[in-house]
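Report on one structure; see the data block that follows.
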Amino acid sequence: MTKREIQGLAHAGGFDAVAIAPAIPAPHSEAFHAWLGEGCHASMDWLARNPGLRCSPEELLPGAKSLLMLAMNYFQPDPPATSDLQGKIARYARGRDYHNFLPKHLRQIDRALSARGGTQRCFVDSGPLLERDFAALAGLGWQGKSSMLIHPKLGTWFLLAGVLTTLELEPDAPARDHCGTCTRCISACPTGAIVAPRKVDARKCLSYWTIEHRGPLPEEIRPLIGDRIFGCDDCLDACPWNRFAQASREASFAERPASRFPLRDYLALDDSQFRALFEGSPIRRAKRQGFLRNVCIALGNIGASRSIGDSLKKSLISGSTGVPPVNDPSTAQLTPADLQALESASHDTDPVVADAAQWALNRVRR
């Protein structure tokens, strides 16, 4: 199969770029094992299960010869601000969950390779594979200092998928590192989670704390969350290669209305309402407990970091709620309605949510 045919298949399948790596052990296998040994994966124990598999294509698919690495652009411009307080959600998570539709895009490629006599195994976070390592080996991009893969046209706003095949395809050359002396991603990280170039410690990463961590957040982490309620894009936003970003042609990444609710409205959701609202969304991964915990903390941080209006000052003193004023979107403030939502959440049946709401109230009052 020629490079042109493979590129045509990838484009027809909705992917924006494709490159081929030989099915050899991952170049940074030793670094990955050392990273695990230092505990940088935090509580994500699945990363430490069978780590050898992640580094060895031959173990994942006996007889494997080649690995197609594919990129799909998910970038969507930010929508206009509103007068309500809203939380930041990582850009990839504002639309449909890619786990639900990317595998379908791979089937056409799988069928075409099978017709040429190949046996394949496809990956979209569905198996142990060091995607970024192999994507860099294939020349799909280079691994930036944030550890994210950087494509010269897509920047960092893309998702990776892999197709391991027994067919021997001509590999591409690895891409040259174009980060140079730039350290903007490292400087932009609000918690210093990029502890060294291309090394992220999940124990400091806000994406880990707002998505993967279960239970209450440590006291020292809560103020650092800011207004983030699912994930963190700060290191990606800072990358100068993202100035070339174009909106994705995949409609599934379009922002859903549920991602733009006022923060206080999320606190009214029970478990069944939460699951229904975020059906097919990556946000379901945090579950109601984790997501509402984040919402409470975001409201507390906003109330503590922005000047509050006279109506809220009165409500803090008297306990009344009143009608929330209309705010300038750029300086939206906590309102009596937000405060009332936190008061209700402080009595939530989930102790983690109740604790976060009480913490937020205390932070605002201080």
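Keep in mind that the numbers below use all heavy atoms, side chains included, and drop hydrogens, waters and symmetry copies.
- We find the CG-CG distance between D227 and L299 to be 10.0 Å, quoted to the nearest 0.5 Å.
- Using a distance-only test at 3.5 Å, with no hydrogens or angles considered, no donor-acceptor pair links the side chain of T210 to the main chain of F230.
- With values rounded to the nearest 0.5 angstrom, K145 atom NZ is found 14.0 Å from C235 atom SG.
- Hydrophobic clustering, with ILVMFWY side chains joined whenever heavy atoms are under 4.5 angstrom apart, groups I283 together with Y98.
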Indicate every side-chain donor-acceptor pair of residues 44-51 with a distance under 3.5 Å to a residue at least two apart or in another chain.
none

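- For the pair T166 (side chain) and T119 (backbone), a donor-acceptor distance under 3.5 Å is present.
- Although no hydrogens or angles enter the test, the distance criterion places a donor-acceptor pair under 3.5 Å between the side chain of N294 and the main chain of I229.
- Inter-residue side-chain proximity for L130 and F32 is flagged as met; some heavy-atom pair is nearer than 4.5 Å.
- Between D177 and R198, at least one side-chain nitrogen of the basic residue sits less than 4.0 Å from a carboxylate oxygen of the acidic one, meeting the salt-bridge criterion.
- E58 and S56 form no side-chain donor-acceptor contact under 3.5 Å, judged by distance and modelled atom types alone.
- For the 3.5 Å distance criterion, the side chains of S248 and Q76 fail to qualify, holding no donor opposite an acceptor.
- Here the side chain of S346 pairs no donor or acceptor atom with the backbone of A354 at under 3.5 angstrom.
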Taking only distance into account, with no hydrogens and no angle test, what donor-acceptor pairs under 3.5 Å do side-chain atoms of residues 7-24 form with protein atoms, sequence neighbours excluded?
from: H11; atom 1: ND1; to: R249; atom 2: NH2; distance (Å): 3.2
from: D16; atom 1: OD1; to: R249; atom 2: NE; distance (Å): 3.3
from: D16; atom 1: OD2; to: N73; atom 2: N; distance (Å): 2.7

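- Between R288 and the options D348, D350, D270, a side-chain hydrogen bond (donor to acceptor under 3.5 Å, both in side chains) holds for only D348.
- Under a 3.5 Å cut-off, the side chain of D110 and the backbone N or O of Q120 do not form any donor-acceptor pair.
- At least one side-chain heavy atom of L70 sits under 4.5 Å from a side-chain heavy atom of L106.
- The closest donor-acceptor contact from the side chain of T2 to the backbone of E5 lies under 3.5 Å.
- By the 4.0 Å N-to-carboxylate-O rule, D237 lies too far from R184 to be salt-bridged with it.
- Within a 6.0 Å radius of NE2 in H28, no more than 12 heavy atoms belonging to other residues, nucleotides or ligands are found.
- Counting heavy atoms from C-beta outward, R293 and L217 have side chains that approach closer than 4.5 Å.
- In plain terms, the two heavy atoms of A42 and Y208 that are nearest each other are CB-CZ, 3.5 Å.
- The heavy-atom pair separating A161 from L102 by the smallest distance is CB-CD2, 4.4 Å.
- Taking the centre of each ring, Y92 and F253 stay at or above the 6.0 Å mark.
- Looking only at side-chain heavy atoms (C-beta outward), C232 and W209 stay at 4.5 Å or farther from each other.
- Checking side-chain atoms of N242 against main-chain N and O of L236 turns up a donor-acceptor pair under 3.5 Å.
- One finds a salt bridge joining K3 and D172 here, because a Lys/Arg side-chain nitrogen approaches an Asp/Glu carboxylate oxygen to under 4.0 Å.
- In terms of heavy-atom proximity, K199 sits nearest to C40 at CE-SG, 4.2 Å.
- The two residues G141 and A175 have their closest heavy-atom pair at O-CB, 3.6 Å.
- With hydrogens and angles disregarded, a donor-acceptor distance shorter than 3.5 Å links the side chain of E250 to the backbone of S252.
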Evaluate the criterion side-chain hydrogen bond (donor to acceptor under 3.5 Å, both in side chains) for residue pair R132 and S147; output intermediate values, then yes/no. CA-CA 8 Å; R132 275 176 272 181; S147 84; 3.1 Å; yes
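- Proximity of P190 to L206: side-chain heavy atoms (C-beta onward) are separated by under 4.5 Å at one or more points.
- Rounded to the nearest 0.5 Å, atoms CD (Q143) and CG (L140) are 12.0 Å apart.
- A salt bridge does not link R96 with E279: every distance from a Lys NZ or Arg NE/NH1/NH2 to an Asp or Glu carboxylate oxygen is 4.0 Å or more.
- Minimum heavy-atom separation, G118 to T165: CA-OG1, 4.2 Å.
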Can you list the steps and then say if F244 with W157 is a side chain to side chain contact (heavy atoms under 4.5 Å, CB included)? CA-CA 10 Å; F244 303 117; W157 304 116; over 6 Å; no
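- Looking at L267 and S344, their side chains never come closer than 4.5 Å, going by heavy atoms from C-beta outward.
- Outside the 6.0 Å centre-distance limit, the rings of F158 and Y74 are not counted as a close aromatic pair.
- Between atom NE2 of residue H99 and atom CG of residue L159 there is a gap of 8.5 Å, rounded to the nearest 0.5 Å.
- Within the 4.5 Å cutoff, the side chain of L167 has no heavy atoms near those of the M1 side chain.
- Between R264 and E343 there is no salt bridge, since none of the side-chain N atoms of the basic residue sits less than 4.0 Å from a carboxylate O of the acidic one.
- Within a 6.0 Å radius of CD in E30, other residues, nucleotides and ligands contribute 12 heavy atoms or fewer.
- Residue Q246 places its CD atom among 12 or fewer non-hydrogen atoms of other residues, nucleotides or ligands, all under 6.0 Å distant.
- The two residues P79 and E255 have their closest heavy-atom pair at CG-OE1, 3.1 Å.
- The aromatic rings of H105 and F101 stand perpendicular to each other, their planes meeting at an angle above 60°, with 30° marking the opposite boundary.
- Not one N or O on the side chain of S146 forms a donor-acceptor pair closer than 3.5 Å with the backbone of C185.
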R285/E212 under salt bridge (Lys or Arg N to Asp or Glu O under 4.0 Å): CA gap, chis, key distance, verdict: CA-CA 8 Å; R285 182 168 181 81; E212 301 294 345; 2.9 Å; yes
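- In this structure, T183 contributes its side chain and I186 its backbone to no donor-acceptor pair below 3.5 Å.
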Give the intermediate values and the outcome of side chain to side chain contact (heavy atoms under 4.5 Å, CB included) for residues C122 and V163. CA-CA 4 Å; C122 301; V163 179; 4.1 Å; yes
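- Side-chain contact check for R91 versus D78: some heavy-atom pair is nearer than 4.5 Å.
- Taking the charged nitrogens against the carboxylate oxygens, D133 and R54 have no contact shorter than 4.0 Å, which rules out a salt bridge.
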D355/R222 under salt bridge (Lys or Arg N to Asp or Glu O under 4.0 Å): CA gap, chis, key distance, verdict: CA-CA 12 Å; D355 168 73; R222 298 181 189 195; 2.8 Å; yes
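- Remark: I302 CD1 to L334 CG distance equals 7.5 Å, nearest 0.5 Å.
- In this structure, R94 CZ and R260 CZ are separated by 8.0 Å, a value rounded to the nearest 0.5 Å.
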Using the rule given for side chain to side chain contact (heavy atoms under 4.5 Å, CB included), can you reason through V200 versus V195, listing the C-alpha separation, both sets of side-chain angles and the distance that settles it, and then say yes or no? CA-CA 6 Å; V200 175; V195 294; over 6 Å; no
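- Salt bridge status for R228 with D234: present, with a side-chain N to carboxylate O gap under 4.0 Å.
- Judged by the 6.0 Å distance and 45° axis criteria, R176 is not positioned over the aromatic ring of W142.
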Show, in sequence, the C-alpha distance, side-chain angles and deciding distance for Q86 and F261, and conclude whether the side chain to side chain contact (heavy atoms under 4.5 Å, CB included) test is met. CA-CA 7 Å; Q86 294 178 322; F261 276 26; over 6 Å; no
